[in-house]
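In this text the structure is predicted, and so the values were computed from the model without any measurement. All ligand and atom numbering here is 1-based and tracks the order in the structure.
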Amino acid sequence: MQVFGPVPSRRLGRSLGINHIPPKVCSYACRYCQLGSTLNMSIDRRNFFEPSSIIAEVGRKLEELRESGDPVDYMAFVPDGEPTLDLRIGELARGLKGYGVPLAVITNSSLIGDREVREDLMAFDWVSLKVDGATEPVWRFVDRPHKGLSFDGIMEGLRAFSSDYRGHLETETMLLAGANDQDDHLEALAAFLSALSPDVCRLSSPTRPPACPDVACVDEERLAVATAILESQGLNPMILNAYEGDDFTRTGDAREGLLSIMSVHPMKEAAVARFLREEGDDMAIVEEMVASGDVTRTSWRGDVFYARNLRKANREGGR
Ligand code: SF4
């Protein structure tokens, strides 16, 4: 378990990240996943960490940030896996609400057919639901779901949740060239999303190295077409395609700080350099982390990215 940041977020301003799932337990193995291969494919909800210890850790962190005058816009559940796999996420969310900071969660929606999952998500002020495929073949191709999941059950669950939820609702669709960016699929997607009446529909294309090297990003022109198709259904699409920036908060422990952020948020080289400068350190630390295998270095689309080696973290017992 980790509480990290605040990190800059394209949607949430400066968000305090809560990582409450061991690496990388997920119900999907999305082709574009920035965290690499799914190490533990599961649809079984279970206990991972004691909610009271996470609530106490968040409280300590918020207090430190208040004392240093560092603003926090959201507490955000952004684990390196699927957050609703945590059986006690609702209890955790209700406990955290006492801190008076809005609470956000980004879910892949895979378990939303389960009434208890929908009830747990109701505790959040801001919910983002992933909808990459409006048809079963596209969903299967892009998200590579666990074989126990039902496409129709998820679609039904999305409709049921959106009709009851009163907080800020967003959807998120990652567009991959040749996979889900064709006009007919975008039209089916727009028709489905309009039934959910979300406040915002985020559209994006990968900005970090994907799990499958053959993933092709969509260009600006396709994003513009997708935007127009969603607007034609009365939706409010927004393109979520810029790198978040490099404004990562100092932690006082450069190595641990980098590992926490890189677990869920691969960083560009310039962001790592800036973070280390602010900690009074230099790139020698990250070179040592690459040499020890704790961190991986990847070149992608002209940039160098550093990410935590989740396979090694998993072998060593998680966080
Ligand atoms: S992108 Fe999210 S939902 Fe997809 S495999 Fe990665 S962690 Fe799981």
**Q** D143: which residues meet the side-chain hydrogen bond (donor to acceptor under 3.5 Å, both in side chains) condition with it, sequence neighbours left out?
**A** none

**Q** Backbone, side chain, both or neither: what part of K130 comes under 4.0 angstrom of ligand 1, heavy atoms only?
**A** side chain

**Q** State, to 0.1 Å, how close T207 and F305 come at their nearest heavy-atom pair, and which atoms those are.
**A** O-CZ, 3.4 Å

**Q** Can you count the protein N, O or S atoms that lie less than 2.8 Å from atom 8 (Fe) of ligand 1?
**A** 1

**Q** Hey, which of R202, K130, R11 is the one that makes salt bridge (charged side-chain N to carboxylate O under 4.0 Å, His left out) with E170?
**A** R202

**Q** Say you draw a straight line from CG of L16 to NZ of K61; how long is it, rounded to the nearest 0.5 Å?
**A** 7.0 Å

**Q** Per the ring-ring contact (aromatic ring centres under 6.0 Å, His included) rule, which among F48, F77, F4 passes with H20?
**A** F77

**Q** Side chains of S27 and N108: donor-acceptor distance under 3.5 Å anywhere?
**A** yes

